[in-house]
Amino acid sequence: MQAIILAAGMGKRLGEFTKNNTKCMVKVNGVMLIDRLLEQLSKLSLKRVAIVIGYQGQKLREYVGQENRGMKIEYIENPIYSTTNNIYSLTLAKDILQADDTLLLESDLIFDDDILPLLANNSYPNLALVAKYENWMDGTMVRIDDDDNIISIVPKKAFLYEDIDFYYKTLNAYKFSKEFSCNEYVPFLEAYSKMMGNNEYYEQVLKVLVSLDNSTLKALPIGDRHWYEIDDVQDLDIASTLFSNQTTKYYEYHKRYGGFWRFPFLMDYCYLVNPFFPTKRMKDELRYNFGTLLTQYPSGMYVNSLLAGKYFGVNQDYIVVGNGAAELIKIVMEEHTSEKVGVIYPTFDEYPNRLKSNQIVAFVSTKKDFRYSAQDLIDFFSINPISMLLLINPDNPSGNYIEKDDLLKLVDWCSKKGISILVDESFVDFTLQGKDNSILDNDILSKYPMLMVMKSISKSYGVPGLRLGVLASGNTDIIKKLKKEVSIWNINSFAEYYMQIFGKYEEDYNKACKKFIEEREIFFNELQSIDYLHVMPSDANYFLCEVTKKYTSSELTQKLIENDVIISNCGLKHNMEGKNLIRLAVRDRKDNAKLIDILKKL
C-alpha cells in the first residue's frame with residue numbers, strides 16, 4: 001500500500017500563515033500538519049508516499065526530504081497550481097495511483113491517530129471515510145445506505161438543509177484498490193478532465209462512478225473520532241482547541257467563553273441553561289419567521305421595555321432590557337465603584353470583577369455546604385458597613401436559596417439602613433415554587449426603591465444565544481439612566497420576537513420547569529453514588545460538589561475534559577483558592593446518565 005498527499009494549493013484564506021509556506025506547513029499547537037500526517041502514515045508500513053506539490057513546493061520538498069520517518073518520499077510537481085484545482089493534481093499522479101493500493105489524502109486535514117488505521121485495515125477495498133453532518137461542515141456530502149454503500153455524492157450546489165439528517169461529510173480521505181484505480185477511477189478521471197477542464201475537483205469523478213449501478217465505493221463513518229479540515233484562520237483556531245494537548249485542553253476550551261456548538265461532541269456541564277425549554281413548536285415559530293427577523297431592524301428600548309414588562313408582569317417604566325444580563329451587570333456595578341459592596345462568596349464572578357478589590361466586603365459562610373440565611377447576612381453586614389448588597393438567589397455556584405418571605409425581610413432591613421440591594425434571581429424559576437418565588441413584582445418594586453432585580457433570560461428559559469436579560473427597579477431614575485447607557489438597538493430582532501411570543505408558550509415553560517425539578521432530583525441521587533464527591537443541595541440548575549478523595553478539583557476537571565466533558569473548576573474562584581470544588585450543570589436524562597457513567601469509571 002502507498003499514500004498520495006495532495007499539497008499543491010495556495011491556502012490563500014489562511015492569510016499570513018501561508019504567505020511563505022504551503023498550507024500543510026502551517027502549525028497546529030506547534031506541530032506542522034505535514035509532520036503530524038507523516039507520523040501517522042509511518043505507522044502503516046507503506047511502500048512510499050507521493051506528495052503533489054505546487055505553491056512553495058520547493059520549500060516543502062526541502063523540509064520533508066526524500067526519506068522521512070523510514071518512508072520513501074516522491075514528489076509530483078503541479079506547475080500551474082494557481083489556475084487549476086485538485087483534479088489536475090491527481091491527474092498528474094495517475095501513474096502512481098495505478099501502481100498499488102492507495103490512501104488518497106489532502107494535506108490540510110488533522111485527525112485522531114486511530115483514523116488512518118481504520119481506513120487502511122478495513123476489509124472494503126475502496127472506501128471513503130465520512131462523518132455525520134454537523135453545522136460546521138462544508139463541501140462534498142454523501143448519502144449512504146444500511147450496507148455502507150454510497151448511494152449519492154452531493155456537491156455544494158445540490159446541498160439541501162432539509163436533508164441534513166441523511167448527510168455525511170467526506171473527510172477527503174480515501175482508499176482505492178489498484179484494480180479500482182486502473183479499471184474505473186483513472187479512465188473516468190482522464191475523460192472527465194478532458195471534457196470539463198482542469199479547474200474541477202476529483203470528487204466529481206467519484207460522483208459519476210457512484211451513479212453507476214456497479215459502484216464498489218463504500219463509506220465508513222468515523223463515529224465520535226475527532227477531525228478537522230483547515231481552510232481559514234477560524235478553522236485553524238478551532239483545530240488548535242480540538243487537538244490541544246491534554247494539559248492545555250481545558251484552558252483552550254474555557255478561554256472561548258462559550259461557542260461550544262462548534263464542538264458538537266463536547267458535553268457542556270459548565271454553562272447553565274434549561275434543557276427542556278424552548279419547545280420544538282416555539283423553535284419552529286422562530287424558524288418560520290427567520291427571514292423577516294434577519295432582514296428587519298429591531299425596535300428600540302420603548303417597545304422592548306414594554307415587551308419585557310408584559311413578559312414579567314411589571315410596569316414598563318420599572319424595567320430595562322439588556323443584551324444579556326452581562327450588559328446590565330457591567331453598567332450597574334460600575335455605577336457603584338466608589339462604594340462598599342457586600343459580596344457573598346463563592347459567587348458569579350462577573351459581578352465582583354467589575355469592582356475594585358478594596359470596595360468588596362466579603363461574606364464567606366462558615367456553615368456546611370456554604371449555607372446561609374437572611375439573618376446571617378443581616379448579622380454580618382450590621383457590623384461590616386456597606387452601601388450596596390449583592391445577592392444571587394439561588395446563589396451561584398452554591399445553590400443556596402433564601403425563601404421569599406425571608407428575602408423580603410432582608411430587603412426591608414436594607415431599605416431601613418439605606419443600603420441598595422441587587423438581587424439576581426436568574427435561577428429562581430428552578431425552585432420548588434418556581435415563578436411564585438420571584439420578586440419581580442410591581443408592589444414589591446414600588447415599596448422598595450432601593451431594590452434592583454436582575455434576571456438573565458438565558459438560564460431558566462434556555463435561550464442563551466438570544467442574549468437577553470432584564471433589570472427592574474421601582475426607582476425610575478435608575479431605570480431611565482440605564483436606558484440611556486445602552487445603545488438604541490441593544491438587542492436584535494430574534495430576541496425581541498422571542499419576548500413577543502413567549503406568552504403563548506408560558507404553560508409549556510411551566511411544565512419544562514417541573515420536568516427539570518424532577519430530573520434534578522434524579523441527578524442529585526445519582527451524583528451521591530460517586531464516592532469521591534460530596535454533593536451540596538441546590539435549588540438551581542447546578543450542583544456544587546467537593547472532590548473529597550482520589551483527585552483535586554483541577555485533576556478531576558482535567559480527567560473530564562479528556563472525556564470531552566467540560567465543567568467549572570470552582571477551586572479557581574476568588575476566596576475559594578485551595579478548595580476542591582467543582583460545579584456541574586443539570587442537563588437532560590441522556591446526558592446526565594452518560595456523565596454519571598464517566599464519573600463512575602473514573
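Reckoned from all heavy atoms, side chains included, excluding hydrogens, waters and symmetry mates.
- Within the 3.5 Å criterion, the main-chain N or O of I567 finds a donor-acceptor partner in the side chain of Y250.
- Between F180 and F176, the ring centre distance stays below 6.0 Å.
- None of K47, K178, R48, K175 except one satisfies the salt bridge (charged side-chain N to carboxylate O under 4.0 Å, His left out) rule with D100; the exception is K47.
- Separating the CD atom in E77 from the CD1 atom in I53 is a distance of 4.5 Å, to the nearest 0.5 Å.
- Using a distance-only test at 3.5 Å, with no hydrogens or angles considered, a donor-acceptor pair links the side chain of S107 to the main chain of L6.
- Using a 4.5 Å heavy-atom cutoff, the side chains of E519 and I522 are in contact.
- Side-chain contact between V463 and P278 is present, with at least one heavy-atom pair separated by less than 4.5 Å.
- No side-chain N or O of N353 forms a donor-acceptor pair with one of D349 less than 3.5 Å apart.
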Show the numbers, then the answer: is there a side chain to side chain contact (heavy atoms under 4.5 Å, CB included) between V64 and R61? CA-CA 5 Å; V64 174; R61 186 197 293 263; over 6 Å; no
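- Atoms OH and CG, on Y192 and L206 in that order, are 11.0 Å from each other to the nearest 0.5 Å.
- No side-chain donor-acceptor contact under 3.5 Å links N563 to the backbone of L560.
- Ion pairing between K23 and D231 holds under the 4.0 Å rule for side-chain N and carboxylate O.
- You'll find the side chain of R256 reaches within 4.5 Å of the side chain of D237, heavy atoms only.
- Residues F290 and F494 place their aromatic rings such that the two centres sit under 6.0 Å apart.
- Remark: the N396 side chain and the R583 side chain contain an N/O donor-acceptor pair separated by less than 3.5 Å.
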Verdict with reasoning, I87 to V205, per side chain to side chain contact (heavy atoms under 4.5 Å, CB included): CA-CA 9 Å; I87 195 169; V205 180; 4.1 Å; yes
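- Listed by chain and residue number, D424 satisfy the side-chain hydrogen bond (donor to acceptor under 3.5 Å, both in side chains) test with S426 (two or more places apart in sequence, or in another chain).
- When atom types are taken as modelled, the side chain of Y167 and the backbone of L160 share a donor-acceptor pair closer than 3.5 angstrom.
- Note that CG of D564 and CG of D268 are 12.5 Å apart. Values are rounded to the nearest 0.5 Å.
- The pair D145-K218 does not count as a salt bridge, with every side-chain nitrogen at least 4.0 angstrom from each carboxylate oxygen.
- When each of K255, H254, K249 is paired with E252, the side chain to side chain donor-acceptor pair (under 3.5 Å) condition holds for K255 and for no other.
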Determine whether Q2 and T102 satisfy the following criterion, side-chain hydrogen bond (donor to acceptor under 3.5 Å, both in side chains), listing intermediate values before the conclusion. CA-CA 5 Å; Q2 62 184 359; T102 303; 2.9 Å; yes
If you apply the rule side-chain hydrogen bond (donor to acceptor under 3.5 Å, both in side chains), what do you find for N569 with S554, and how did you get there? CA-CA 7 Å; N569 180 6; S554 295; 3.1 Å; yes
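- Between the side chains of S177 and N126, at least one donor-acceptor pair of N or O atoms lies under 3.5 Å.
- Shortest non-hydrogen contact noted between I153 and E203 is CD1-O, 4.4 Å.
- P117 places a side-chain heavy atom less than 4.5 Å from the side chain of L44.
- Between the N68 side chain and the M71 main chain, no donor and acceptor come within less than 3.5 Å of each other.
- A donor-acceptor contact closer than 3.5 angstrom links the side chains of T248 and N245.
- Note on ring orientation: taking the six-membered ring where Trp is involved, the planes of Y498 and Y461 are perpendicular (angle over 60°, cut-offs 30° and 60°).
- Using cut-offs of 30° and 60° on the angle between ring planes, the pair F523 and Y269 is tilted.
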After noting the C-alpha distance and the side-chain angles of S89 and N86, does the key distance pass the side-chain hydrogen bond (donor to acceptor under 3.5 Å, both in side chains) rule? CA-CA 5 Å; S89 289; N86 62 20; over 6 Å; no
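- The side-chain hydrogen bond (donor to acceptor under 3.5 Å, both in side chains) test applied to D35 returns Y63, not counting sequence neighbours.
- At least one donor-acceptor pair under 3.5 Å links the side chain of Y55 to the backbone N or O of T18.
- Across F427 and A540, no two heavy atoms sit closer than the pair CB-CB, 3.8 Å.
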side-chain hydrogen bond (donor to acceptor under 3.5 Å, both in side chains) between S458 and R467, worked out: CA-CA 7 Å; S458 300; R467 306 309 309 132; 3.2 Å; yes
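- Applying the ring-ring contact (aromatic ring centres under 6.0 Å, His included) test to every pair with at least one member in residues 82-141, sequence neighbours left out, gives these pairs: Y133-F159, W136-W227, W136-Y228.
- You'll find the side chain of Y542 stays beyond 4.5 Å of the side chain of L584, heavy atoms only.
- A salt bridge is defined here as a Lys NZ or Arg NE, NH1 or NH2 lying under 4.0 Å from an Asp or Glu carboxylate O, and D597 with K594 fails to meet this definition.
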Quick one: do L97 and I4 satisfy side chain to side chain contact (heavy atoms under 4.5 Å, CB included)? Show the steps, please. CA-CA 8 Å; L97 186 61; I4 296 176; 4.0 Å; yes
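- Taking 4.0 Å as the cut-off between side-chain N and carboxylate O, K169 and E134 do not count as a salt-bridged pair.
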Assess whether side chain to side chain contact (heavy atoms under 4.5 Å, CB included) is satisfied between I5 and V49, documenting all intermediate values. CA-CA 7 Å; I5 302 173; V49 174; 3.8 Å; yes
Using the ring pair (Phe, Tyr, Trp, His ring centres under 6.0 Å) rule, take Y253 and F263 through it: C-alpha gap first, then chi angles, then the decisive distance, then the call. CA-CA 10 Å; Y253 279 117; F263 308 94; 5.1 Å; yes
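- Judged by the 6.0 Å distance and 45° axis criteria, K132 is positioned over the aromatic ring of Y168.
- For the residue pair N149 / S215, no side-chain donor-acceptor distance below 3.5 Å is found, with atom types taken as modelled.
- For Q40 and D113, the side-chain atoms include at least one donor-acceptor pair closer than 3.5 Å.
- Of the candidates R589, K600, R520, E526 forms a salt bridge (charged side-chain N to carboxylate O under 4.0 Å, His left out) with just one, namely R589.
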Can you check salt bridge (Lys or Arg N to Asp or Glu O under 4.0 Å) on D588 and K515, steps first, answer last? CA-CA 10 Å; D588 63 20; K515 186 176 181 180; over 6 Å; no
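- You'll find the side chain of F516 stays beyond 4.5 Å of the side chain of E521, heavy atoms only.
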Could you give me the CA-CA distance, side-chain angles and deciding distance for E555 and K550, then say whether salt bridge (Lys or Arg N to Asp or Glu O under 4.0 Å) is met? CA-CA 9 Å; E555 288 169 343; K550 281 191 179 183; over 6 Å; no
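- In this structure, I457 and L466 have side chains that are not in contact, with every pair of non-hydrogen atoms separated by 4.5 Å or more.
- Salt bridge status for K43 with E39: present, with a side-chain N to carboxylate O gap under 4.0 Å.
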